[in-house]
Amino acid sequence: MAGVFGRHYHSPDRCERTEMAEPDDTDASFLLDLGRHVRTMRGRRGMSRKVLAKVSGISERYIAQLESGKGNVSIMLLRRISEALATPLEDLLPSNESSADWPVIRDLVRRATPVQIAHAKDVLSGLGRFGGLEPEATFRGIALIGLRGAGKSTLGKMLADSIGWSFVELNREIERQNGLSVSEIIALYGQEGFRRMEQTALSRLLARQEPIVLATGGGIVSEPITFDQILTSFYTIWLKAEPEEHMARVRGQGDLRPMADDRAAMQELRTILQSREPLYARAAGVLDTAGLSVEAAAQKLVAMVSPVLSRDAGAFGLREAAP
């Protein structure tokens, strides 16, 4: 175990051991950034330290040290954490890459055929063409994103009733298509398997080519390609609330996943929200439901989407939202 945690070094001399055990300022800064990245990715996945420790087989205490920038990290330990988080190892490492589209491009390239890669290279180098065809209309309706307890299901149903559209909860659609509950899917196939099923369910919904009000799972932002499909196919609205309101609403529903039996539940919720906020903020609109009644929030939501329906829904022959 000591080898895994990096406490013993098999170096030929004491000087090298001392040098490795006492990192310089650059190393310390790297470890702090690494810890922040791990904490951010854990938050985006909606995992508590206790859950990450159980899935990765690494002690909760050590994960806390790692996230605080005090962990003496081995590449094997990082690999176990990346596997538990179902995220590429490179996403845990500090980087100067700031483009929000980069993870999408990277994952698309990984899945591309050789012909697609060759075409992409031609386009990026300026040698290729985009085909000369007008892109098809991609408006598929309204998508609601946000942390659990934001009111996506409640407000989504009210909005759908108001404008005469169908309402779909993506998690329920995943369960229907696979004949398993979300918790059963994650237990059997892990986070990575669930995200694959989530992307498949979304693709099937888009293939229907009918406008819907879609309530997404809170962690959909952690999968770059799936979240990019949401942003490009729907007018996306972030339902925002204070952490205390999220917690109160979740407790009111009798559901504390993934924070069950965790004394630091509120802190974990804050970590999740803080980690996801930059991604939620990519939505086209933000509705802050803090302090609002359900009826008041629903009225604001309908008012937000009315201009969108006037502009985009005509292509589908749809009626506009009630004033």
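Along the sequence shown, residues are numbered consecutively beginning with 1. Please read these numbers as outputs of a predicted model, since none were measured by experiment.
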Measuring from Arg196:CZ to Glu223:CD, what's the distance to the nearest 0.5 Å? 10.0 Å

Tell me, with the steps shown, if Thr226 and Glu198 meet side-chain hydrogen bond (donor to acceptor under 3.5 Å, both in side chains). CA-CA 8 Å; Thr226 307; Glu198 181 180 58; 4.7 Å; no

Are Thr271 and Thr40 packed together at the side-chain level, in the sense that at least one heavy-atom pair is separated by less than 4.5 angstrom? no

Taking all non-hydrogen atoms of both residues, which atom of Leu147 and which atom of Tyr280 are closest, and how far apart? N-OH, 3.5 Å

Do Leu77 and Leu66 touch side chain to side chain, with heavy atoms closer than 4.5 Å? yes

Classify the side-chain pair Arg45/Ser222 by whether it contains a donor and acceptor separated by less than 3.5 Å. yes

Nearest 0.5 angstrom please: Ser181 OG to Ile186 CD1, how far? 9.0 Å

Sidechain-backbone polar pair: Lys152 side chain, Gly146 backbone, donor-acceptor under 3.5 Å: yes

Would you check if the side chain of Ser68 reaches a backbone N or O of Gln65 as a donor-acceptor pair within less than 3.5 Å? yes

Show, in sequence, the C-alpha distance, side-chain angles and deciding distance for Leu287 and Trp238, and conclude whether the side chain to side chain contact (heavy atoms under 4.5 Å, CB included) test is met. CA-CA 6 Å; Leu287 175 58; Trp238 172 22; over 6 Å; no

Among Ile237, Thr236, Ile212, find the residue that satisfies the side-chain contact (heavy atoms from CB on, under 4.5 Å) test when tested with Ile142. Ile237

Answer whether the closest heavy-atom distance between the side chains of Met197 and Ile185 falls below 4.5 Å. yes

If you compare all heavy atoms of Ala298 against all heavy atoms of Met158, which two are closest, and at what distance to 0.1 Å? CB-CE, 3.5 Å

If you group Ile, Leu, Val, Met, Phe, Trp and Tyr by side-chain heavy-atom gaps below 4.5 Å, do Met41 and Leu32 land in one group? no

Which of these passes side-chain contact (heavy atoms from CB on, under 4.5 Å) with Ile230: Leu144, Leu206, Val221, Thr216? Thr216

Test your reading of the model: is there a side-chain donor-acceptor pair from Arg276 to the backbone of Arg44, 3.5 Å cut-off? yes

Short side-chain donor-acceptor distance under 3.5 Å, Ser48 and Glu268: no

Interatomic distance, CE@Met47 vs CG@Leu52, rounded to 0.5 Å, equals 5.0 Å

Is the closest side-chain heavy-atom distance between Ile145 and Phe227 below 4.5 Å? yes

Does the pair Glu192/Arg195 count as a salt bridge with the N-to-O cut at 4.0 Å? no

Test applied, side-chain contact (heavy atoms from CB on, under 4.5 Å); reference residue, Leu155; option that passes from Thr289, Val302, Val213: Thr289

As an exercise, state the distance from CD of Gln229 to CD1 of Ile220, rounded to the nearest 0.5 Å. 9.0 Å

Indicate yes or no: does Glu173 engage Arg208 in a salt bridge with an N to O separation below 4.0 Å. yes

Is the shortest side-chain heavy-atom distance between Ser166 and Glu210 below 4.5 Å? yes

Heavy-atom check, side chain of Glu175 versus side chain of Leu180, under 4.5 Å: no

Under a 4.5 Å cut-off applied to non-hydrogen side-chain atoms, are Asn171 and Ile174 in contact? yes

Any side-chain heavy atom of Glu67 within less than 4.5 Å of one from Arg42? yes

From Arg204 atom CZ to Arg176 atom CZ, the distance as rounded to the nearest 0.5 Å: 8.5 Å

